[in-house]
Amino acid sequence: MPGIVVVGTQWGDEGKGKVIDLLSDDMHMVVRFHGGNNAGHTIAWDGETLRLHLVPSGILYPHIIPVIGNGVIVNPSVLLEEMEKIESMGLDVGRLRISYNAHVILPFHEVLDGLIEESRGSSSLGTTRRGIGPTYADKAARTGLRMQDMMDPSVFREKVYRAVEEKNRIITCVYGANSLDAERIADEYAGYADRLRGFLTDTSLLVKKALREGKNVLFEGAQGLMLDLDHGTYPYVTSSNTVAGAVCAGAGVGPRDVDEIIGVTKAYVTRVGSGPFPTEQDNEVGRAMQEVGREYGTTTGRKRRCGWFDLVVLRYAVRLNTLTSLAVTKLDVLSQFDTVKVCVAYRIGDRVLDEFPPLYDDFSHCQPVYEELPGWKKDISGASRLEDLPLEARDYLQFIRERAGVPIRLVSVGPERQQSIFLDGGGEPLRQGRFLFYDDLPL
Ligand code: GDP
Ligand code: IMO
Ligand code: MG
């Protein structure tokens, strides 16, 4: 019963969408377990591009059952729009399943996200303003609305109306902003409820049944470790747990339901929004990564900050997620450099740390200690086997593999599906059950 988790190991946008799409061929179900439409996962195939914010990245395969688990927060308007887009591509969205227990993002959550950001002034977090923090705050305060509240149309309408009225008091009294039209929002959400009711189910049981039948279930992480609410660079984080362990609470499975944990790691590092980023290159190098890597936020279109690869962060991700393998993406973007740097430790005053510093103050003031490796200066975007890569590129991967202590299962050299090197099958088609064997990986 292989349960396979795919998580981001940096600050998000590592290429999880691409990796999940590739692995989905071999899956039965793809389950989102946390986050909301702050996520933006991109899939590219045959020159087409699909950007997903809520629908799981396995959707392009007709055999996949896409599941939105209880840990996800759902903006119904965004979800319905995404479902329409997918339907217009000729794909059936009738197979989508949404947890009764997923919480609902309402318009006041987005408004409050913006107002809170503005009130922070220069120390704003740079959130996506999709209402993520305020919705998870309501969930924790036990004042949120859940998808199951949609089951009774008149009760749901009334709950939405009351919630808007209550939040209007905060919006007007605390922030001095305009109140929202509760009547209009209640009507709008009643309409969404009519369209989404039929998709709701006990997704925890659905997932468990699939696992019990021995089917492959992929759990799709959003964001990345460094944005984890507990383990990331708080307060510059998102409002959910992004670690692999969050699968249990967010999908309603147990720790023993997880067999494999794949960490997606970009060959360099990017970050959108505010907060410390030790290897950031606010210079020509960073600009070159940004341009060649087309580093613009999938959700907000903001430029992503770019920097050299950070092994301290990766080792932290290996530890917290108990990663079993790595997928290294965007290696092609580094082809332009004469040499490539890798941060192997942090210097704080006269101390050198190779473990992630637990104190925020240390992390925000540390200096990266780099090792410099030769670049390869060759186009690798057509590589489909390890042997197609120049020696220097293979050495770079080997360096990461050895220092992380985890094998690399997949290397990505471009956004398209075929721009991928499977190290566990020599480019052969994926096959059921293969995931449990990776003793003989070349890296
Ligand atoms: P996610 O949030 O982790 O799913 O990542 P995003 O989709 O937000 O951002 C990754 C971006 O890089 C997308 O535009 C992908 O199409 C693109 N991408 C993924 N893998 C590669 C790769 O190996 N090389 C290049 N050049 N682009 C890639
Ligand atoms: P995917 O799944 C990159 C960042 C925001 C901001 C911080 C808090 O595509 O990797 P939030 O709206 O969650 O309250 O914002 O988190 N952030 C992401 N950055 N990729 C993401 O998702 C992100 N989701 C949130 O930019 O800094
Ligand atoms: Mg993204």
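Just follow the structure's listing: the first ligand is 1, and inside any ligand the first atom is 1. Residue numbers count from 1 along this sequence. Heavy-atom basis, side chains included; hydrogens, waters and symmetry copies ignored.
- Take R271 and apply the side-chain hydrogen bond (donor to acceptor under 3.5 Å, both in side chains) test, not counting sequence neighbours, and it matches T233.
- Ring centroids of Y360 and F363 are separated by 6.0 Å or more, keeping the two rings apart.
- Counting heavy atoms closer than 4.0 Å to ligand 1, residue H53 contributes nothing at all.
- Taking atom 17 (C) of ligand 1 as the reference point, the nearest protein heavy-atom neighbour is K330 NZ, 3.9 Å.
- For the residue pair S420 and S412, no side-chain donor N or O sits within less than 3.5 Å of a side-chain acceptor on the partner.
- At the top of the distance list for atom 4 (O) of ligand 1, counting protein heavy atoms only, stands G17 N, 2.8 Å.
- Counting heavy atoms under 4.0 Å from ligand 1, residue D13 touches it through both backbone and side chain.
- For the Mg ion (ligand 3), the set of protein N/O/S atoms nearer than 2.8 Å consists of D13 OD1, G40 O, ordered by chain and number.
- For ligand 1, the atoms lying closer than 4.0 Å to a non-hydrogen atom of G15 are 1 (P), 3 (O), 4 (O), 5 (O).
- To the nearest 0.5 Å, atom CD1 of residue I170 and atom OG of residue S179 are 13.0 Å apart.
- Atoms of ligand 1 lying under 4.0 Å from at least one heavy atom of H41, given by number and element, are 1 (P), 2 (O), 4 (O), 7 (O).
- For ligand 1, the atoms closer than 4.0 angstrom to any heavy atom of K18 are 20 (N).
- In this structure, F337 has its ring center under 6.0 Å from that of W308.
- The side-chain heavy atoms of T238 and I132, taken from C-beta on, include a pair separated by under 4.5 Å.
- When only non-hydrogen protein atoms are considered, atom 23 (O) of ligand 1 lies nearest to S412 OG, 2.5 Å.
- Within ligand 1, the atoms closer than 4.0 Å to a non-hydrogen atom of V413 are 23 (O), 24 (N), numbered from 1 in the order shown.
- Side-chain contact check for T300 and R302: at least one donor-acceptor pair (N or O, by modelled atom type) lies under 3.5 Å.
- From D13, atom CG reaches atom CD of Q223 across 9.0 Å, with rounding to the nearest 0.5 Å.
- Inclusion of T329 in the set of residues having an N or O under 3.5 Å from an N or O of ligand 1 is not warranted.
- Nearest protein neighbour of atom 16 (O) of ligand 1, counting heavy atoms only, is P415 CB, 3.5 Å.
- Within 4.0 Å of ligand 2, protein heavy atoms come from W11, G12, D13, K16, N38, A39, G40, H41, L125, G126, T127, T128, I132, A222, Q223, L227, V237, T238, V272, G273, R302.
- Salt bridge K85/E82: absent, no basic N to carboxylate O contact under 4.0 Å.
- Annotation: side chain of R97 is not in contact with side chain of M29 (no heavy-atom distance under 4.5 Å).
- Contacts of A44 with ligand 1, taken as heavy-atom pairs under 4.0 Å, are absent altogether.
- The side-chain hydrogen bond (donor to acceptor under 3.5 Å, both in side chains) search around T203 returns none, not counting sequence neighbours.
- Between F309 and Y396, the ring-plane angle classifies as perpendicular under the 30° and 60° cut-offs.
- In this structure, a donor-acceptor pair under 3.5 Å is present between the side chains of E295 and Y268.
- Residues D21 and S57 bring no donor and acceptor atom of their side chains to less than 3.5 Å of each other.
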